[in-house]
Each structure stands twice: as structure tokens, then as C-alpha cells.
Amino acid sequence: MNFGFSYIGLIFIAMLLIPNIIWIKHKPEGYDEYSKNENKVLLIFERIGEALVMTLLLIFKDCNIRPRSLWIGWLILTFVLMAMYEMYWARYFKSEKRMEDMYSSFAGFPVAGASLPVFAALSLGIYASNIFIIISVIILGIGHIGIHLAHRKEMMGREEKTNEKVTEKTNGKIKKGRRVARVIKTVLLVPVCLVVLLIIGIIAVRNYNYFACYIDTDKGVDESEYVEINGQEQFITIRGRDASNPVILYLHGGPGSPDSSMTYIFTNELIDDYTVVCWDQRGCGRTYVRNKNIDKENETVTFDQALADVDTLTKYLKERFNQDKIVIMGHSYGSVLGSTYAYEHPENVEAFIGIGQFVSFASSTEYEYKDALEKANAAGDDTTKLTEAYEKFLREKTVEAADEVSTYAAPYHKATREKSTILSALVSPTLSSEDLLWYKNVTSYETFLIYSGNLMDYLMTVNLRETQTHYDVPVYFISGECDWNCAVTDMVDYAQMVGAKYDLIDGCGHYVHCDDSEEFAKKVKEFLK
């Protein structure tokens, strides 16, 4: 939804209009007679659609070329269809210029002069992820294609009445052949149409979320930018309705699991009172894509470096927004990073908020196992595999062994109010190709370890009960009642140990800030006030 001149839109309109201008002097004989019978409703749709499409294609710069966009295939399809449109007209201008020449199929497209540019404009609207363009194209298509299909039907009806040479037997064969062709086309087109409708639905929700997230930047701030942090340009988003409000720096989990495309879900509930900054940490997300040429194997990614990056970013935000201190908010792995920074640098931290607070692998796995074992025994279930997995973890103390415990414990720890993180990302107003380009690097646990292995090794050694026994800043922990990724009972035990305030939200899982963003924000605001 970026306003600005679209040179692609201008090229598209030129390719559309030039053949039509030439056609005015080369109309097929009798065309004006057909046009007298045009349906007035379809004509209104056509005129409105034409005005809207040509205007919108020029004023949204999202139609322009984005070289690294994964949507570029739709732009290519647009110009393939428009090239076919030009070839259709070239064939017509070389013909005898009869109604039959104008309405004969081209490359399998009926009324190609009407349908090809409509399909091309729809493809361009999908490329731009703009529901206004798509709706305008649909309005145009109803009118424009509808009118010319009516012309074609009228023309074919007249032909059948005057063509006395077609025998009844031949006519029957023709009709049978047409029925077979229609069945084949239907079988091929139905899945294509369903995919296109799904994509349009996703675009519609993304556009709705864009307007729901809109911020007036005269007083507030709504930016996505790369900031130089210790030798790398790192990606951050900054959102708030009043730039003078306190600043919250959100640290995502993982390690290596940036969720900036989903943060709109909970930041929308906070931006009235706070300026919220979300950051793709070194070695992942858009930050990795930006810097992969200088650190392809993430050799600079360590926990100490992460702390240094937090420090640099914190000081940048303090200076930019004229704040003495800022609030640090961390989720999962980010809660370890955030709590450690708050512990070591209380001079920069107003308060620390841990979401799904991680304490240690050993204690979290123990709590997870004991709770699942108790529930399994109460249900009379066989606990052999669960117990064997936990004993294996005690021997090996590895992430893989902990995951095996989680596999057998999972049936007893289902969250009842868990949102789909994939769906939330797909309908995000900020999802970009860079987000997807990162995730293709971590499609398996083996590839994940290539990029985040150092941080996972460090995380296995963490035990906050030993290293952070008190804090010199206010601390607040909030978890989903059903969060066993970072065992909720482990968090409660640690909170009581350090005297921190904590809350649980019923039915929510590890992504409590997304599962119930309204309740989450309400509790966070109460604590910060």
C-alpha cells in the first residue's frame, strides 16, 4: 500500500491502449450494430472498471519491479499475458477484420481481446498485493468480458442460422466435442481458480491488517529500517502513535526465530502508550539476508556478541527518542538475552518483561516431564516411552533428547487458545520476501544448527537460578498457562525465587502475546504503570 508513480502501470496501460486506438479505424464490419445491443449494467461495470484500473495502476508504486521479491513471477505472468494480447491484435490486423476474426479464440482464450488484459491486470494486482486493484479488475472483467462474450454468442447464433451446409450429424459431433472440451477446461481451471482465490483472500486480509495497523506519523512513528550495529546493518521496525512515549525493545526467541512479520498482533495493543521496537537479531531474518555476503556462516553470532548488539541498539534508541532508560521485553530465547542484559546493565533498563521466560533446559524438561507423567498416570496411560525419553535426557543432556521428552509429553500439554503462527505471518501487512528467504535456510534441524548452533550450545549451559539471583530493575514474567516449551512451572518457581511479579493467561501456549494479545497488553500496561 505504497502511493507513488508506477512506471509498470504506465507501460501496461500503453500496451493496452495502443492496439485499441488502432482498432478504432479497423473495426469489423457490423460491429456498431452489435454494440447497440450491449447490456447497460455490464456497460456501467466496464466504464467504472476501466477508470479505476487505469488510475490505481498509476498511483501505487508497489506495481514497480522489486528484483528480490518472491512475487516477481506474477509480474512476469502479467507481461506474458500482455505479450499474447499484442500477438492477438497482430493476428487480427493481418486478417480480413471480420467479426469472426475478432472473436476467434487465441491460445485457448475465448474473446482474447477482452480476457487477456483483464487476466494480466489481475496478475499485476496480485503482484502488488493490492486488493483495491484486484476489486477494480474484477469489476472491469464482469463488464468487459461479459459484453464481448455476449457479442460472440450473438455472432455465433447468427452464423448457425445462416449456415445451411452444416448437417445435423456434423452439428451433433461439434456439440459433443465442445462438451468434452468444456469438461477438460473445467478440470484444469478449478484448482487454478481456487489457488488464485486463496491468494486474493490472503491479500485482502493483509490489506485490512495494514489499515488496522495504520499510524499517523505526524506525531508518531512507523518505520522499517536498517541500523548499523557493531559492523552489520540490522533490521528493526519502530511503531508508536506518539514518539515521546516510553520505548519498548522486543527481543524475539529461537534462537534464530525472527517474528517481526507477526509482531503487529501484539504491538497494535501497545502503540497507543509505547513506542515498540522489534529487531531481527544478528544472523537471522532480514538482518542475515542483508549481511550474508559478509558473514554467510554466522561466524560472528555468539551470545556475547548478541549482548553487545543489544547494548548498542539500546543506546541508539535512548538517544533517538530522548529516553534515560528503555523497557526490555524478551520472548523465549529472547528472555534469556533480555534478562541477562537487564541484570548486567540496569543503568539502561527501565524494566524487564519476560514472555515465556526460559530458566534452564534441565529444570524446564524436568517440570515438563513430571507434569506429563502425573497426567498420564491419572489417565491410566502407558508411561514407558515418556520415562525412557526423560532418562535418556538425564544421560545425554542434549536438545535432541529434550525434544524427545516433549514429543511424548505433548499430548498432555495442548493449548486450547493457540493461534497459527504461519497463518498470522501469511496475513501480516509487513511480511516480505526477505522473511521467506531467511526461513528457507532453516528448513531442517541440521541446517538450523549451521546458523544458530553457537547460541543453542550456549543455551544448554544456561541456568538463571545460578547466574541471576536478583535484579536491580523491576521484573515481570508472563506466560501462557499451557506453555511447556519453556515450562510455565519453571518460570513460576524462578519468579518466586527472585521476587518478580508474574501472570499466567488461561489456555494460551508459548506465543501468549499473540494467542491473546489484548489480555497480554492489558497485563503488561498494568505492570509498567
Side-chain angles (χ1 to χ4, degrees), residues 66 68-70 213 221-240 247-267 270 275-317 320 326 328-338 341 355-356 421-422 424-426 428-443 447-448 450-456 459 511 513-514:
R66 304 189 300 276
R68 299 202 304 185
S69 172
L70 298 181
C213 297
V221 56
D222 187 1
E223 296 179 4
S224 298
E225 62 181 5
Y226 288 89
V227 177
E228 200 284 327
I229 301 176
N230 300 327
Q232 286 192 5
E233 290 186 340
Q234 302 194 29
F235 179 77
I236 63 172
T237 61
I238 308 175
R239 302 183 65 235
V247 174
I248 297 175
L249 172 60
Y250 170 76
L251 309 176
H252 66 72
S257 296
D259 54 9
S260 56
S261 60
M262 297 188 299
T263 54
Y264 70 97
I265 297 172
F266 73 91
T267 58
L270 295 171
T275 297
V276 186
V277 181
C278 301
W279 166 44
D280 282 11
Q281 297 163 31
R282 179 185 295 260
C284 64
R286 299 194 204 185
T287 295
Y288 173 79
V289 174
R290 184 82 161 197
N291 297 281
K292 65 180 180 180
N293 291 333
I294 63 174
D295 190 11
K296 188 174 183 179
E297 301 299 327
N298 276 354
E299 294 178 1
T300 66
V301 177
T302 64
F303 191 76
D304 286 340
Q305 181 63 64
L307 284 174
D309 289 349
V310 174
D311 188 53
T312 299
L313 181 55
T314 297
K315 291 174 180 176
Y316 165 79
L317 295 173
R320 174 170 175 177
I326 69 170
I328 301 290
M329 175 187 288
H331 173 234
S332 194
Y333 158 77
S335 70
V336 178
L337 183 59
Y341 184 77
I355 309 168
T421 54
I422 295 176
S424 297
L426 282 176
S428 166
T430 61
L431 180 69
S432 78
S433 297
E434 284 81 0
D435 295 313
L436 301 177
L437 287 170
W438 157 248
Y439 277 109
K440 78 179 182 64
N441 293 312
V442 288
T443 52
T447 55
F448 165 76
I450 293 174
Y451 297 97
S452 300
N454 286 341
L455 296 180
M456 285 302 298
L459 207 55
Y511 282 84
H513 47 323
C514 297

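Side-chain atoms of S452 do not come within 3.5 Å of backbone N or O of L455 as any donor-acceptor pair. At least one donor-acceptor pair under 3.5 Å links the side chain of R239 to the backbone N or O of C213. Looking at T447, its side chain does come within 3.5 Å of a backbone N or O of N441 through a donor-acceptor pair. At distances below 3.5 Å, at least one donor-acceptor pair connects side-chain atoms of Y264 with backbone N or O atoms of S424. Between the D295 side chain and the T300 main chain, a donor and an acceptor come within less than 3.5 Å of each other.
Using a 4.5 Å heavy-atom threshold, the side chains of V289 and F235 count as separate. Counting heavy atoms from C-beta outward, L437 and L70 have side chains that approach closer than 4.5 Å. Proximity of N298 to Y288: side-chain heavy atoms (C-beta onward) are separated by under 4.5 Å at one or more points.
In terms of the ring-ring contact (aromatic ring centres under 6.0 Å, His included) criterion, residue partners of Y511 (sequence neighbours excluded) are, by chain and number, H331, H513. Remark: K315 pairs with D311 by the salt bridge (Lys or Arg N to Asp or Glu O under 4.0 Å) rule, at least two apart or across chains. A search for ring-ring contact (aromatic ring centres under 6.0 Å, His included) contacts involving F303 returns Y458, not counting sequence neighbours. When the side chain to side chain donor-acceptor pair (under 3.5 Å) test is applied to S332, the partners found at least two apart in sequence or on another chain are H510. With sequence neighbours left out, R290 forms a salt bridge (Lys or Arg N to Asp or Glu O under 4.0 Å) with E233. Scored by the side-chain contact (heavy atoms from CB on, under 4.5 Å) test, T275 finds V221, I238, N245, V247, F321 as partners (sequence neighbours excluded). The side chain to side chain donor-acceptor pair (under 3.5 Å) test applied to Y439 returns no partner, not counting sequence neighbours. In this view, S224 satisfies the side chain to side chain donor-acceptor pair (under 3.5 Å) rule with no residue, not counting sequence neighbours. Applying the side chain to side chain donor-acceptor pair (under 3.5 Å) rule to E434 yields the partners R68, S432; only residues at least two apart in sequence or on another chain are considered.
Residue pairs meeting the salt bridge (charged side-chain N to carboxylate O under 4.0 Å, His left out) criterion with at least one member in residues 297-306, sequence neighbours excluded, do not occur. Pairs engaging residues 275-284 under the salt bridge (charged side-chain N to carboxylate O under 4.0 Å, His left out) rule: R282-D309 [sequence neighbours left out].
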Problem set entry | side chain to side chain contact (heavy atoms under 4.5 Å, CB included) between T314 and I328, worked out | CA-CA 9 Å; T314 297; I328 301 290; 4.0 Å; yes
Exercise. When you look at T237 and T430, which way does the side chain to side chain contact (heavy atoms under 4.5 Å, CB included) test go after all the steps?
Worked result: CA-CA 10 Å; T237 61; T430 61; over 6 Å; no
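Atom-to-atom distance recorded for Q234:CD and E228:CD is 8.5 Å, nearest 0.5 angstrom. Here OH of Y316 is found 5.0 Å from CD1 of I236. Values are rounded to the nearest 0.5 Å. Atom OH of Y341 and atom CG of L251 lie 10.5 Å apart (nearest 0.5 Å). One distance of note links CG of D435 with SG of C284; it measures 10.5 Å at 0.5 Å rounding. The line from CG of L317 to CD1 of I326 is 5.0 Å long, rounded to the nearest 0.5 Å.
In terms of heavy-atom proximity, G231 sits nearest to I294 at O-CD1, 4.1 Å. Between L431 and L426, the shortest heavy-atom distance links the atoms CD2-CA, 4.0 Å. The two residues L459 and Y333 have their closest heavy-atom pair at CD1-CD1, 3.9 Å.
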Please report, to 0.1 Å, the donor-acceptor pairs under 3.5 Å made by any side chain of residues 252-259, with sequence neighbours excluded.
from: H252; atom 1: ND1; to: S257; atom 2: O; distance (Å): 3.4
from: H252; atom 1: NE2; to: Q281; atom 2: N; distance (Å): 3.2
from: D259; atom 1: OD2; to: Y250; atom 2: OH; distance (Å): 2.8

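Side chains of T312 and N230: a donor-acceptor N/O pair is present below 3.5 angstrom, by distance only.
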